[in-house]
Amino acid sequence: MMFIGLTGGIGSGKTTVAQFFKALGVPVYNSDNEAKKLMETSHKVKTGIKNLLGEEAYSGQRLNKTYVSQRVFNNRPLLQKLNGIVHPAVRSHFLAWAKKQNAPYVIQEAAIIFEIGSEDFYDKIILVTAPETLRIDRIMERDPDSTPERIQARMRNQWSDSQKIALSDYIIENCDLAETESQVLQLHRSLLAEA
Ligand code: ATP
């Protein structure tokens with residue numbers, strides 16, 4: 001079974017692309033959703049986060065997202081420590097999930113792959129791209145409370161597309177939805193041929 005990483009900057013359309021693969025019967029693991037769940041269900045992860053950020057990181061069983069993001073935003077060493085707790089847990093959860101799938105390849109969707117140096121884990125990496133202005137418009141539409149400045153600040157925390165393009169195996173340009181869908185179909189056929 002091949003492991004395919006699916007990544008892209010915020011608002012590029014990772015989840016949209018993932019849905020097209022799912023519709024073709026490809027098992028997709030959403031790392032961001034699973035990480036959020038593990039932060040509230042895994043005893044090991046919770047203890048690690050409390051030790052790193054203090055008891056205030058949780059309100060009862062729930063992660064105090066605002067507090068956690070405020071603590072790690074613009075604090076790279078602390079963010080790296082948090083990633084060092086969450087990512088290994090996601091990795092083992094993904095591996096257990098992948099074992100249960102019966103398919104020539106599975107996709108792991110993750111906002112950050114290169115940023116955490118996990119590119120060697122995958123057989124192939126798909127990068128979703130879109131012009132920055134389009135990405136900002138999409139996020140503003142999805143989340144009317146956000147501002148272009150805040151979105152750009154989050155973008156600056158991720159690698160640029162040109163850095164990621166150089167290290168990716170396949171690029172999906174997600175502007176027109178129908179074109180994106182046909183790029184997915186074409187890529188699905190090549191991946192099946194390779195698997
Ligand atoms: P994030 O990392 O912020 O979660 P993402 O990369 O997973 O984002 P999506 O959630 O797929 O991106 O897309 C962001 C928003 O843009 C969604 O509301 C989605 O419906 C919309 N969108 C994505 N692709 C297109 C497209 N080609 N045309 C129009 N709207 C799109």
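Just so you know, ligand 1 is whichever comes first in the structure, and atom 1 is the first atom listed for that ligand.
If you look at Tyr29 and His93, their ring centroids are closer than 6.0 Å.
Glu34 has a carboxylate O that lies under 4.0 Å from a charged side-chain N of Lys37, or vice versa, which qualifies the two as a salt bridge. A salt bridge does not link Glu56 with Lys50: none of the charged nitrogens is closer than 4.0 Å to a carboxylate oxygen.
Among Tyr122, Tyr105, Phe121, the one residue that satisfies the ring-ring contact (aromatic ring centres under 6.0 Å, His included) test with Phe3 is Phe121.
Inspection of the Arg62 and Tyr58 side chains reveals no N or O donor paired with an N or O acceptor under 3.5 Å.
At least one donor-acceptor pair under 3.5 Å links the side chain of Arg71 to the backbone N or O of Leu53.
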Anything under 3.5 Å between an N or O on ligand 1 and a protein N or O? List each pair with its distance, or write none.
unit_1, atom_1, unit_2, atom_2, d
ligand 1, 2 (O), Lys14, NZ, 2.7
ligand 1, 3 (O), Gly11, N, 3.3
ligand 1, 3 (O), Arg142, NH2, 2.7
ligand 1, 4 (O), Arg142, NH1, 3.4
ligand 1, 6 (O), Ser12, N, 3.4
ligand 1, 6 (O), Ser12, OG, 3.4
ligand 1, 6 (O), Gly13, N, 2.9
ligand 1, 6 (O), Lys14, N, 2.9
ligand 1, 6 (O), Lys14, NZ, 2.8
ligand 1, 7 (O), Thr15, N, 3.1
ligand 1, 7 (O), Thr15, OG1, 2.9
ligand 1, 8 (O), Gly11, N, 3.3
ligand 1, 10 (O), Arg142, NH1, 3.2
ligand 1, 11 (O), Thr15, N, 3.4
ligand 1, 11 (O), Thr16, N, 2.9
ligand 1, 11 (O), Thr16, OG1, 2.5
ligand 1, 12 (O), Gly13, N, 3.2
ligand 1, 24 (N), Asn174, ND2, 2.9
ligand 1, 27 (N), Asn174, OD1, 2.8
ligand 1, 27 (N), Cys175, O, 2.9

